[in-house]
Amino acid sequence: MTGPDPRQVAPPHAAQGEHEPAAPYDPLRLCVFATVALLGWVLGPVALLGFAVLAIVGYAKARRGGLLRSRCKLGDTRLVLLYLTVLAAAACVGIYVWID
């Protein structure tokens with residue numbers, strides 16, 4: 001066998017001077033957004049409540065860990081938590097209306 005195995009991926013610490021072509025863009029976030037939209041469409045307010053509660057727990061934990069500013073457009077984690085709480089309350093109202 002001559003040369004390296006073509007099935008092997010080069011290590012991230014490749015030797016100096018070796019330039020590999022950049023990996024093609026992977027639009028994974030778009031797939032994630034589409035999946036979240038599908039869940040929201042199928043499950044309605046139940047999905048909104050689930051995602052909002054999950055986000056509230058995550059942001060509360062991050063805030064306790066010292067995160068004061070988020071990359072979210074709202075910036076301050078207190079505003080993000082308030083926004084998520086409003087979404088969760090809206091989901092509860094939506095579930096009530098949906099069931100009733």
Side-chain angles (χ1 to χ4, degrees):
M1 179 180 242
T2 60
D5 187 349
R7 295 172 293 176
Q8 296 294 317
V9 177
H13 51 73
Q16 297 282 351
E18 290 184 26
H19 297 287
E20 294 190 24
Y25 171 71
D26 182 4
L28 173 63
R29 287 185 180 173
L30 299 176
C31 183
V32 170
F33 294 155
T35 303
V36 170
L38 173 66
L39 290 172
W41 178 63
V42 171
L43 299 175
V46 175
L48 175 58
L49 180 61
F51 286 121
V53 168
L54 182 65
I56 289 169
V57 169
Y59 267 98
K61 184 177 179 181
R63 184 159 174 85
R64 282 193 304 272
L67 181 69
L68 300 178
R69 301 278 311 160
S70 172
R71 292 186 318 210
C72 175
K73 294 292 183 189
L74 295 173
D76 190 332
T77 53
R78 294 174 295 187
L79 289 175
V80 175
L81 284 166
L82 177 64
Y83 167 71
L84 294 169
T85 302
V86 168
L87 288 182
C92 288
V93 170
I95 291 170
Y96 176 78
V97 170
W98 194 30
I99 291 174
D100 196 28

Q | Heavy-atom side-chain proximity of V86 to Y83 below 4.5 angstrom | A | no
Q. Same cluster or not: are F51 and L79 linked, directly or through other Ile, Leu, Val, Met, Phe, Trp or Tyr residues, by side-chain heavy atoms under 4.5 angstrom apart?
A. no
(Q) So which atom in L49 and which in A88 form the shortest heavy-atom distance, rounded to 0.1 Å? (A) CD1-O, 3.8 Å
Q | Qualifying residue, where the test is side-chain contact (heavy atoms from CB on, under 4.5 Å) with P45 and the options are I95, I99, V93 | A | I95
Q. Do you know which two heavy atoms are closest between L84 and A52, and how far apart they sit?
A. O-CB, 3.9 Å
Q: Please report the C-alpha distance between F33 and V36 in whole Å, then the side-chain angles of each, then the deciding distance to 0.1 Å, and finally whether the side-chain contact (heavy atoms from CB on, under 4.5 Å) criterion is met.
A: CA-CA 5 Å; F33 294 155; V36 170; 5.8 Å; no
Q: Measure across I56 and L81 and return the closest heavy-atom pair with its distance rounded to 0.1 Å.
A: O-CD2, 3.7 Å
Q.
Let me check something: do L74 and L48 share a hydrophobic cluster, defined by ILVMFWY side-chain heavy atoms less than 4.5 Å apart, either directly or through other members?
A. yes
Q. So which residues get pulled into L54's cluster when ILVMFWY side chains under 4.5 Å apart are joined, directly or through others?
A. none
Q) Linking I/L/V/M/F/W/Y whenever any side-chain heavy atoms sit under 4.5 Å apart, do L43 and W41 land together? A) yes
Q. Side-chain heavy atoms under 4.5 angstrom apart, residues restricted to Ile, Leu, Val, Met, Phe, Trp, Tyr: same cluster for V80 and L87?
A. yes
Listed pairs under 3.5 Å, donor-acceptor, residues 61-72 side chains, sequence neighbours left out:
| unit_1 | atom_1 | unit_2 | atom_2 | d |
| --- | --- | --- | --- | --- |
| R63 | NH1 | T77 | OG1 | 2.6 |
| S70 | OG | Y59 | OH | 2.8 |
| S70 | OG | C72 | N | 3.0 |

